[in-house]
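One structure is given below, encoded as C-alpha cells.
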Amino acid sequence: MYRSHNCGELRIEHVGQTVRLAGWVARRRDFGALTFVDLRDRYGITQLSFNEEYNKVLLDSARSLGREFVVQAIGKVTERSNKNSKIPTGDIEIVVEELQILNSSLVPPFSIEEETDGGDDIRMQYRYLDLRRDPVRQNLMLRHQVARQVRNYLDNLQFIEVETPVLIKSTPEGARDFIVPSRMNPGQFYALPQSPQTFKQLLMVSGFDRYYQIVKCFRDEDLRADRQPEFTQIDCEMSFVEQEDILNLFEGMTRHLFKEVKGVDIGTLPRMTFDDAMSKYGNDKPDIRFGMEFNYLNDLVKGKGFNVFETAECVLAICADNCANYTRKQLDELTEWVKRPQIGAKGLVYVMCNADGSYKSSVDKFYNQDDLKAWAERCGAKAGDLLLLLSGDLHQVRKQMSELRLEMGQRLGYRDKNVFKALWVIDFPLVEFDADNNRWHAMHHPFTSPKPEDLDKLETDPGAIRANAYDLVINGVEIGGGSIRIHDKNVQSRMFKLLGFSEDEAKYQFGFLMNAFEFGAPPHGGIAFGFDRLCSMFGGADSIRDFIAFPKNNQGRDMMIDAPSNIENKQLDELKIALKA
RNA sequence: GGUGUGGUAGUUCAGCUGGUUAGAAUACUGCCCUGUCACGGCAGGGGUCGCGGGUUCGAAUCCCGUCCACACCGCCA
C-alpha cells in the first residue's frame, strides 16, 4: 500500500505514529531552511514539514517539488507549534523521513483551489483537473448521495432496477433523436432513447409491478444551463396504481431525499391545477417561495379612454412589496427590461402606493385616485407597495408577467436558495393545438391517459380534456413529471388518431406496444425525475453542469475529448453512408 | 435560427472619447528567508490584443464580416 492514512484523517491523537501518505502537492511554502508542503487527496490536506536541521537532502528534494506532483511521504505525525484552525488536520503535521516522487506534473493551466482563477472554457478542457477542486468534487459526492438515497427508498418499497436498451427505434414525436447508424443493417438507424418510456410500460405488461432506473436519456435539442444532450433521469413505473398512489409515494421519496440529503423537512406538498398555476402565476412551474400572484384588472381599467388597456384582451397586475420608492430611473430600467425581445412586452404601467394614501401612476391622465385605489385594493396592496401592470393577449401577457414576477421576486430577495418549496401541478391538458402544423400534439406524451370523465371529448373537444398527468415543481423548476398511462388498446388507438397518426404509422412506430396491450396490460402509471436538476437544486446551483462529471458545452461539444469529431472514410464506407458536400 | 454579453500574458482582468515601450494581479523561473498555511522580499522571462477585411498619417480601441465561449428566446412529445 502506498499509504497508511489519507490526507484528511490525521488528528492530534495520531501524534507519534509513523504514517505513509500519498497525494498531490497542492502548495509549497518555502523558507529556505524550512519548507512546508500541503499534500492533497480527495479527503483533505495534510501539511508535510521539512527542516534543514533534521534532513538537508530531504529538504532540497521537497524544495524541488512542483504543483500537482504526485508524492508519497513517510514520516512521524507531530503536533504543530503553530496550529491552523481552518482545516481539520491543522493541529498536526508530518515530519517527513522519506519522500518519493511518484510522478511529476506540468504546471496546471489554472489554480486547483476552492476559488479557481480558471474560466469555464479552460476548466472544461481540463475537466480532470477541475474535478480535483473541492467544490466540484463535493457536487459529485452530493450526486452520489442522492442516487444512494433514491435506491434506498425505492428498494425498501419493492422497486426493481431494470436496465433498458440504449439502441432503440427513432420516433418523430417530441424531441429530436440522436441517431446511430447500423453497420449490419445498411441504411437503417437506431435512436438513443429520449426516455425508457415504452420499455417501462412493457415491463408493467410483464408484471414487474414496480420498476425504477437511474438512467441516461438523450435529446438532440439546443442546450441550456439546465439542459444537456445526455442527462440522467430517475425513471419509475408502477402497476395497479392511480394518480393518487403515485403522488403519495413519490412525494414520500422527495421528502425522504430532502431529509436525508439536506436535513430539511419540506412538509406536505400542496397541489395546484394547471389552470390555477397559469391563472395565478402564468406558468406551469410556479415558484411558490413567494406570493405576488396575478390580479386581473379588466373590469376596473376599461372605459377610461386609455387605449392600450381598452384594446387589451387582458390587463394583469402584480404587487411588489415596498417598492413605491422606486426612482424614475429604476422604473425606466424595469420598463426596458420587459421590452427586451426575450420578454416582448410593449410597455409597463406602474402605480406607486404612497405612504400618505395617495397614488401616483404612469397613467394619471386617464385614471383618478379612486380608480387607482380600486386597483390597489384588488391587488391587496398596502401603502409603500408598487403595482406593475402589463396588458395584451391573455396567453402572452401571462407569460410576460410570469417573467416579471420572477425578476421582481429575485430583486426582492424572495428566491432564497436555502428555502425549498415544492408542489404538485396536476390536471394538465391532454393535448395542445399546434397552430403552425395545424394539429394536436400531446402535452406530456402520447401514452398519457385522459381523465375518464373527459374521455368522450377525445373526438369532439380535445383541447378541453384533462390528463392524468402531474409535475413535481420545486422552486420554479420542473423536477419531475409523469402520468397514468393508457392501458387500453382502443383508447390508445383513439389517442394516436387524435395526434394525427394513421393506423399504419401508429402500427409502424408503436405496434409493439399496441400488441403488448392485447395481452393483459395492467393499469399503470409512473413518473420520471430530472436527476441532474435535482442534484443542482440540492447544491444550490442554477446550472447542472457542475453536477455532471464530464458535461458538454453550449454547442453540445465535449471540450476535453473534442467530440463530436469526423470519422474515417473507412468507417463511413462500412456504414454505407455518404456525406453531403 | 435569433437576442445579449464577452474574447488582451499560462490564468483572471484593466486599458473609456484612436497616438503608451500594451499594463495589474496571480501563476512561472532565479536568488534571499526557520513556523508558514493566500507566507514574505528582490529580480526576471512571458503578448499573432480571437481571426479576416475596412476607415485613418496612425487601430487593442471605430466600422463590417467571421469564429469561439457564456446567458437567454425559439426548440425541449
Side-chain angles (χ1 to χ4, degrees), chain A residues 26-39 45-54 59 63 66-68 78-87 89-90 93 95 106-126 129 171-177 194-195 197-198 217-229 231 336-337 339-344 399-400 403 407 428 430-432 434 436-437 439-448 467 469 478 481 483 495-496 499-501 509-510 530 542-543 545 553-555 557 559:
Chain A
R27 204 174 262 279
R28 187 161 51 86
R29 289 177 294 278
D30 185 345
F31 294 83
L34 172 69
T35 285
F36 301 108
V37 169
D38 283 345
L39 194 67
I45 282 180
T46 297
Q47 176 167 285
L48 308 179
S49 158
F50 299 86
N51 195 316
E52 186 175 55
E53 283 174 10
Y54 184 73
L59 175 84
R63 294 183 69 189
R67 279 161 64 202
E68 302 307 317
T78 309
E79 184 171 3
R80 293 199 198 182
S81 54
N82 277 349
K83 295 183 180 173
N84 180 357
S85 58
K86 290 182 199 160
I87 60 172
T89 61
E93 64 191 358
V95 174
L106 294 175
V107 175
F110 54 89
S111 61
I112 300 176
E113 313 259 330
E114 286 215 18
E115 293 291 331
T116 183
D117 58 6
D120 291 337
D121 210 357
I122 197 101
R123 285 175 48 213
M124 287 308 155
Q125 201 180 331
Y126 296 91
L129 298 181
T171 55
E173 279 281 303
R176 289 187 189 87
D177 284 322
Q194 298 177 26
S195 92
Q197 183 60 36
T198 50
C217 301
F218 306 86
R219 289 178 192 176
D220 186 10
E221 296 292 348
D222 286 6
L223 287 77
R224 288 287 188 282
D226 64 349
R227 266 163 38 191
Q228 286 271 306
F231 61 101
E336 286 311 305
W337 189 87
K339 285 165 84 173
R340 290 181 314 144
Q342 274 87 347
I343 308 294
K399 199 169 171 188
Q400 293 161 357
E403 295 297 329
E407 176 66 18
F428 277 82
L430 183 69
V431 291
E432 56 189 349
D434 174 2
D436 292 341
N437 297 301
R439 52 168 290 231
W440 295 96
H441 72 80
M443 191 116 173
H444 188 55
H445 56 52
F447 316 109
T448 298
E478 183 193 331
S483 62
M495 183 69 184
F496 282 140
L499 297 175
F501 286 77
Q509 283 180 31
F510 300 112
D542 292 323
S543 171
R545 287 191 194 170
N553 78 2
N554 260 1
Q555 303 307 313
R557 299 199 66 85
M559 298 293 280

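Quick note on labels: first sequence line is chain A, next is B, and so on, each numbered from 1. These numbers come from the heavy atoms of this one structure, side chains and all, not from hydrogens, waters or symmetry mates.
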Between N or O atoms, less than 3.5 Å apart, protein on one side and nucleotides 33-35 of chain B on the other: list the pairs.
unit_1, atom_1, unit_2, atom_2, d
C33(B), N3, Asp30(A), O, 3.0
C33(B), N4, Asp30(A), O, 3.3
C33(B), N4, Asp30(A), OD1, 3.3
C33(B), N4, Gly32(A), N, 3.3
U34(B), OP2, Phe31(A), O, 3.1
U34(B), N3, Asn51(A), OD1, 3.3
U34(B), O4, Glu53(A), OE2, 2.8
G35(B), O3', Asn82(A), ND2, 2.8
G35(B), O2', Asn82(A), ND2, 2.4
G35(B), N1, Glu93(A), OE2, 3.0
G35(B), N2, Glu93(A), OE1, 2.7
G35(B), N2, Glu93(A), OE2, 3.2

Inset, instruction - Return the value, rounded to whole Å, for the distance between atom CG of Asp222(A) and atom C1' of G2(B). - result: 11 Å
Legend entry - Set of residues satisfying ring pair (Phe, Tyr, Trp, His ring centres under 6.0 Å) with respect to Phe496(A), sequence neighbours excluded: Phe501(A), Phe510(A)
Legend entry - Heavy-atom check, side chain of Met124(A) versus side chain of Asn553(A), under 4.5 Å: no
Inset, instruction - Would you please name every residue forming a side chain to side chain contact (heavy atoms under 4.5 Å, CB included) with Arg29(A), sequence neighbours left out? - result: Arg27(A), Phe31(A), Phe36(A), Asp38(A), Gln47(A)
Inset, instruction - Rounded to whole angstrom, note down the P distance from G46(B) over to C39(B). - result: 27 Å
Legend entry - N or O in side chain of Arg29(A) less than 4.0 angstrom from C39(B) OP1/OP2: yes
Legend entry - Under the ring pair (Phe, Tyr, Trp, His ring centres under 6.0 Å) test, residues paired with His445(A) that sit two or more places apart: Phe447(A)
Legend entry - Any Lys86(A) side-chain N or O less than 4.0 Å from OP1/OP2 of A38(B): yes
Legend entry - Rounded distance (Å) that lies between atom C1' of C72(B) and atom CG of Asp542(A): 13 Å
Inset, instruction - For Arg80(A), check salt bridge (Lys or Arg N to Asp or Glu O under 4.0 Å) against everything at least two apart and list the hits. - result: none
Inset, instruction - Provide the distance between the two C1' atoms, one in G7(B) and one in G44(B), to the nearest whole Å. - result: 29 Å
Inset, instruction - Please name all residues satisfying ring pair (Phe, Tyr, Trp, His ring centres under 6.0 Å) with Phe110(A), sequence neighbours left out, ordered by chain then number. - result: none
Legend entry - Nucleotide forming a Watson-Crick or wobble pair with A69(B), both distances under 3.5 Å: U5(B)
Inset, instruction - Nearest-nucleotide wise, let me know which of Arg176(A) and Gly118(A) is further upstream toward the 5' end of RNA chain B. - result: Gly118(A)
Legend entry - Touch class at under 4.0 angstrom, heavy-atom based, for His441(A) against every strand present: sugar-phosphate
Legend entry - Between C64(B) and U55(B) - C1' atom distance, rounded Å: 11 Å
Inset, instruction - Pick the C1' atom in C72(B) and in U56(B), then give their distance to the nearest Å. - result: 38 Å
Within the sub-3.5 Å range, which N or O atoms of nucleotides 65-70 of chain B have a protein N or O partner, and how far apart are they?
unit_1, atom_1, unit_2, atom_2, d
A69(B), OP1, Asn553(A), ND2, 2.6
C70(B), OP1, Arg545(A), NH1, 3.0
C70(B), OP1, Asn554(A), N, 3.4
C70(B), OP2, Asn554(A), N, 3.0

Legend entry - Residues in side chain to side chain contact (heavy atoms under 4.5 Å, CB included) contact with Glu221(A), at least two apart in sequence or another chain: Ala175(A), Arg176(A)
Legend entry - Any N/O donor-acceptor pair, Glu221(A) side-chain to C76(B) base, under 3.5 Å: no
Protein N or O to nucleotides 23-27 of chain B N or O, pairs below 3.5 Å:
unit_1, atom_1, unit_2, atom_2, d
A27(B), O3', Arg67(A), NH1, 2.8
A27(B), O2', Arg67(A), NH1, 3.1

Inset, instruction - Kindly point out which of A77(B), U11(B), C75(B) is positioned nearest to the side chain of Ala442(A)? - result: A77(B)
Inset, instruction - State which residues pass salt bridge (Lys or Arg N to Asp or Glu O under 4.0 Å) with Arg63(A); sequence neighbours excluded, sorted by chain then number. - result: Asp30(A)
Inset, instruction - For Gly119(A), report the nucleic acid contact type (base, sugar-phosphate, nothing); a contact means any heavy atom under 4.0 Å. - result: sugar-phosphate
Inset, instruction - Would you mind telling me which of C39(B), G1(B), A77(B) lies closest to the side-chain atoms of Arg219(A)? - result: A77(B)
Legend entry - Pro109(A) versus Leu129(A), closest heavy-atom pair with distance: CD-CD1, 3.7 Å
Inset, instruction - Take atom CG of Asn84(A) and atom C1' of C37(B), then tell me their distance rounded to the nearest Å. - result: 5 Å
Inset, instruction - Give one of base, sugar-phosphate or nothing for Lys399(A), where a contact means two heavy atoms less than 4.0 Å apart. - result: sugar-phosphate
Inset, instruction - Using the test side chain to side chain contact (heavy atoms under 4.5 Å, CB included), find all partners of Gln342(A) that sit at least two apart in sequence or belong to another chain. - result: Arg340(A)
Inset, instruction - Answer with yes or no whether Arg227(A) presents, from its side chain, a donor or acceptor under 3.5 Å of a partner atom in the base of C75(B). - result: yes
Inset, instruction - Find the partner of C13(B): check Watson-Crick (N1-N3 plus N6-O4 or O6-N4) and G-U wobble (N1-O2, O6-N3) distances, both under 3.5 Å, and reply none if neither fits. - result: G23(B)
Inset, instruction - Could you check how far OH of Tyr126(A) sits from C1' of U12(B), rounded to whole Å? - result: 16 Å
Inset, instruction - Could you check how far CD of Glu68(A) sits from C1' of U11(B), rounded to whole Å? - result: 15 Å
Inset, instruction - Report yes or no: does Arg219(A) contribute a side-chain atom to a donor-acceptor pair with the main-chain N or O of Gln194(A) at less than 3.5 Å? - result: yes
Inset, instruction - Look at Lys339(A) and G4(B) and indicate whether a side-chain polar atom (N or O) is within less than 4.0 Å of OP1 or OP2. - result: no
Inset, instruction - Quickly work out the Asp436(A) CG to G1(B) P distance and round it to whole Å. - result: 18 Å
Legend entry - Whole-Å gap separating P (C73(B)) and CZ (Arg340(A)): 9 Å
Inset, instruction - Using side chain to side chain contact (heavy atoms under 4.5 Å, CB included) as the criterion, list what pairs up with Glu68(A), not counting sequence neighbours. - result: Trp24(A), Arg40(A), Ser105(A), Pro108(A), Ile112(A), Arg132(A)
Inset, instruction - Provide the distance between the two C1' atoms, one in G19(B) and one in C13(B), to the nearest whole Å. - result: 24 Å
Inset, instruction - Tell me what Pro446(A) touches on the nucleic acid: a base, only sugar-phosphate, or nothing, going by heavy atoms under 4.0 Å. - result: base
Legend entry - Same-atom distance (C1') from G74(B) to G6(B), integer angstrom: 23 Å
Inset, instruction - Considering only atom C1', compute the distance from U5(B) to G50(B) and round it to an integer number of Å. - result: 16 Å
Inset, instruction - Grab the two heavy atoms, one from Asn51(A) and one from Leu34(A), that are nearest each other, plus how far apart they are. - result: ND2-CD1, 4.1 Å
Legend entry - d(CZ, Arg224(A); P, C76(B)) in whole Å: 11 Å
Inset, instruction - In whole angstrom, give me the gap between the C1' atoms of U61(B) and G23(B). - result: 15 Å
Inset, instruction - First locate atom CG of Asp222(A), then atom CG of Asn554(A), and finally report the distance between them rounded to the nearest 0.5 Å. - result: 9.0 Å
